[in-house]
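Worksheet: one structure, shown below.
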Amino acid sequence: MGRHEARERRSGGVSRGVSGPPAPTDPAARSSRWRRALGAVFAVAVVALLAWAAHQVDWDEVGDALRQLPAVVLIAAAALCALSHLIYSGYDLIGKRWTGHGLPARRVMLITFISYAFNLNLGSLVGGVAMRLRLYAREGLRQPVPAKILALSMASNWLGYGLLAGGLFLFGWLAPPTDWHIDAEALRGLGALMWAIVAGYLALCAFSPRREFTLRGHVFFVPSLRIAAMQLAIASANWLTIGAVLWVLLQQGVDYGHTLAVLLVAAVAGVIAHVPAGLGVLEGVFVAFLGPQLGQGQVLAALIAYRALYYLAPLSIAAVAYFVLEARARR
């Protein structure tokens with residue numbers, strides 16, 4: 001053994017690619033600390049804003065409106081919620097077709113349902129990423145298959161969003177409130193950008209000579225045009241169904257297209273605010289757009305019912321299913 005090899009053996013191997021924690025003066029470490037600090041400040045500001053907004057609400061009016069929701073409306077909304085979760089559970093079936101893994105379709109749909117329910121209530125890092133990867137690992141799938149399924153599912157969701165939101169914004173279905181720092185023309189420009197991104201993705205899937213490429217150390221996979229069309233179809237159907245849930249709970253007080261457009265604005269606002277379950281953000285956007293027309297009480301009552309039916313009820317089912325899967329895996 002040479003002197004150089006002996007040094008490597010004593011040090012535990014080749015040092016290339018192995019590094020300790022960043023030094024205090026490392027620019028990347030400083031940037032990370034600043035991002036965490038800004039994130040904490042933003043979170044505190046959001047909580048303070050929500051607390052202030054809650055004090056402005058006439059909760060007696062909200063309670064009265066909630067009690068006056070007809071049973072047939074709640075039943076119809078619950079059926080649409082179940083349909084939406086069923087549609088979303090099919091997202092990973094596209095990943096199954098693309099990757100060709102051998103898990104049964106019913107098990108794939110169960111994993112997707114559990115992950116989605118936790119994602120809605122606890123955030124994407126917990127439900128959408130960590131839990132889904134854990135459950136697929138429990139089933140014996142090895143990387144990169146779970147990562148490809150996850151990436152395809154997330155892309156599907158936002159491609160469907162871009163297709164619908166782009167059209168609604170581009171053709172003027174939504175007029176921003178007068179106190180918002182964005183006008184109708186800016187929304188149209190945003191809609192055009194969304195359609196351009198969707199069109200670019202479809203073109204990449206149709207004409208790319210390579211199905212895998214690396215960018216800045218990250219590997220990206222390009223599905224076929226047929227897979228991309230399936231992504232758009234299933235994700236658009238899911239967003240349309242969620243819009244129908246809210247439209248029914250609002251008792252058709254505004255037209256369906258307007259309700260859907262407000263939902264899509266609220267969805268991206270929740271992502272930007274980075275608040276778990278978009279708590280308060282969804283309500284704030286709907287009250288800003290629909291409160292003057294329908295009344296704050298009716299809008300908030302519909303959203304409380306929506307959260308109970310679409311978020312909390314599926315979470316209770318998903319939690320039981322998750323612990324059953326974990327118990328079986330231990331046995």
Side-chain angles (χ1 to χ4, degrees), residues 80 83-120 124-125 127-129 131-133 135-136 141 143-170 190-213 215 218-245 260-261 263-264 267-268 270-271 310:
L80 287 168
L83 177 60
S84 171
H85 279 270
L86 180 62
I87 293 171
Y88 193 96
S89 296
Y91 275 35
D92 283 13
L93 292 180
I94 303 176
K96 171 179 167 61
R97 181 185 181 92
W98 182 37
T99 60
H101 69 74
L103 285 185
R106 63 182 181 277
R107 184 57 58 90
V108 172
M109 294 182 72
L110 179 60
I111 289 174
T112 315
F113 165 72
I114 292 172
S115 302
Y116 184 46
F118 278 89
N119 180 13
L120 287 171
S124 61
L125 290 180
V129 177
M131 184 166 289
R132 187 175 283 175
L133 293 179
L135 290 173
Y136 276 127
L141 291 189
Q143 295 293 355
V145 172
K148 292 174 70 173
I149 296 170
L150 175 61
L152 194 77
S153 178
M154 295 174 67
S156 298
N157 189 58
W158 291 109
L159 283 168
Y161 176 94
L163 181 66
L164 294 176
L168 291 170
F169 296 168
L170 182 60
L190 179 60
L193 176 62
M194 289 181 180
W195 269 18
I197 293 172
V198 172
Y201 179 77
L202 293 175
L204 180 66
C205 293
F207 303 114
S208 176
R210 299 167 55 191
R211 294 295 150 182
E212 179 180 332
F213 60 93
L215 181 63
H218 298 281
V219 179
F220 294 89
F221 303 94
V222 182
S224 66
L225 180 59
R226 184 173 183 177
I227 292 293
M230 293 169 65
Q231 290 179 267
L232 283 173
I234 194 169
S236 298
N238 188 46
W239 283 109
L240 289 168
T241 306
I242 299 172
V245 173
L260 178 62
L263 166 68
L264 296 174
V268 77
V271 172
Y310 197 82

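A quick note: this is a predicted structure, and the numbers were derived from the prediction, not measured.
- The main-chain N or O of Ala237 is found under 3.5 Å from a side-chain atom of Thr241 such that the two form a donor-acceptor pair.
- A donor atom on one side chain and an acceptor atom on the other are found under 3.5 Å apart for Ser84 and Tyr310.
- The backbone N or O of Asn157 lies less than 3.5 Å from a partner atom in the side chain of Trp239, making a donor-acceptor pair.
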Q: Evaluate side chain to side chain contact (heavy atoms under 4.5 Å, CB included) for Leu202 paired with Leu232, printing each intermediate quantity in order.
A: CA-CA 10 Å; Leu202 293 175; Leu232 283 173; 3.7 Å; yes
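- Residues meeting the salt bridge (charged side-chain N to carboxylate O under 4.0 Å, His left out) test with Arg107, sequence neighbours left out: Glu139.
- Contact record, Pro223 with Leu152: CG-CD1, 4.1 Å, taken as the closest heavy-atom pair.
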**Q.** Leu163/Leu159 under side chain to side chain contact (heavy atoms under 4.5 Å, CB included): CA gap, chis, key distance, verdict
**A.** CA-CA 6 Å; Leu163 181 66; Leu159 283 168; over 6 Å; no
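- Residues Met230 and Arg97 form a side-chain contact, since some pair of their non-hydrogen atoms from C-beta on lies under 4.5 Å apart.
- Rounded to the nearest 0.5 angstrom, Ile114 CD1 and His85 NE2 are separated by 12.5 Å.
- Scanning all heavy atoms of the two residues, the minimum distance from Val222 to Ser208 falls at CG1-CB, 4.4 Å.
- Annotation for Trp195 and Gly162: closest pair CD1-O, 3.6 Å, computed over non-hydrogen atoms.
- Checked by atom type and distance alone, the side chain of Lys96 never pairs as donor or acceptor with a backbone atom of Val108 at under 3.5 Å.
- Looking at every heavy atom in both residues, Tyr201 comes nearest to Ala228 through CE2-CB, 3.7 Å.
- Between Met194 and Val198, every side-chain heavy-atom pair lies at or beyond the 4.5 Å cut-off.
- In this structure the side chain of Asn238 reaches within 4.5 angstrom of the side chain of Tyr116, judged on heavy atoms.
- Contact annotation: the side chain of Val268 approaches that of Tyr161 to within less than 4.5 Å [non-hydrogen atoms, C-beta and beyond].
- Remark: Ile242 CD1 to Leu164 CG distance equals 10.5 Å, nearest 0.5 Å.
- With a 4.5 Å cut-off on side-chain heavy atoms, Arg132 and Asp92 count as touching.
- Considering every non-hydrogen atom in both Leu133 and Ala147, the closest pair reads CD2-N, 4.2 Å.
- Counting only distance, with no hydrogens or angles, the side chain of Gln231 and the backbone of Ala235 share no donor-acceptor pair below 3.5 Å.
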Q: Before giving the answer on side chain to side chain contact (heavy atoms under 4.5 Å, CB included), spell out for Ile149 and His101 the whole-Å C-alpha distance, their side-chain angles and the decisive distance to 0.1 Å.
A: CA-CA 10 Å; Ile149 296 170; His101 69 74; 3.6 Å; yes
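- Between Tyr88 and Tyr91, a ring centre-to-centre spacing shorter than 6.0 Å is recorded.
- The CG atom of Leu135 sits 9.5 Å away from the OG1 atom of Thr112 when rounded to the nearest 0.5 Å.
- Between Leu93 and Met109 there is a side-chain heavy-atom pair separated by less than 4.5 Å.
- Here the CD1 atom belonging to Ile111 is positioned 6.0 Å from the CG atom belonging to Leu103, to the nearest 0.5 angstrom.
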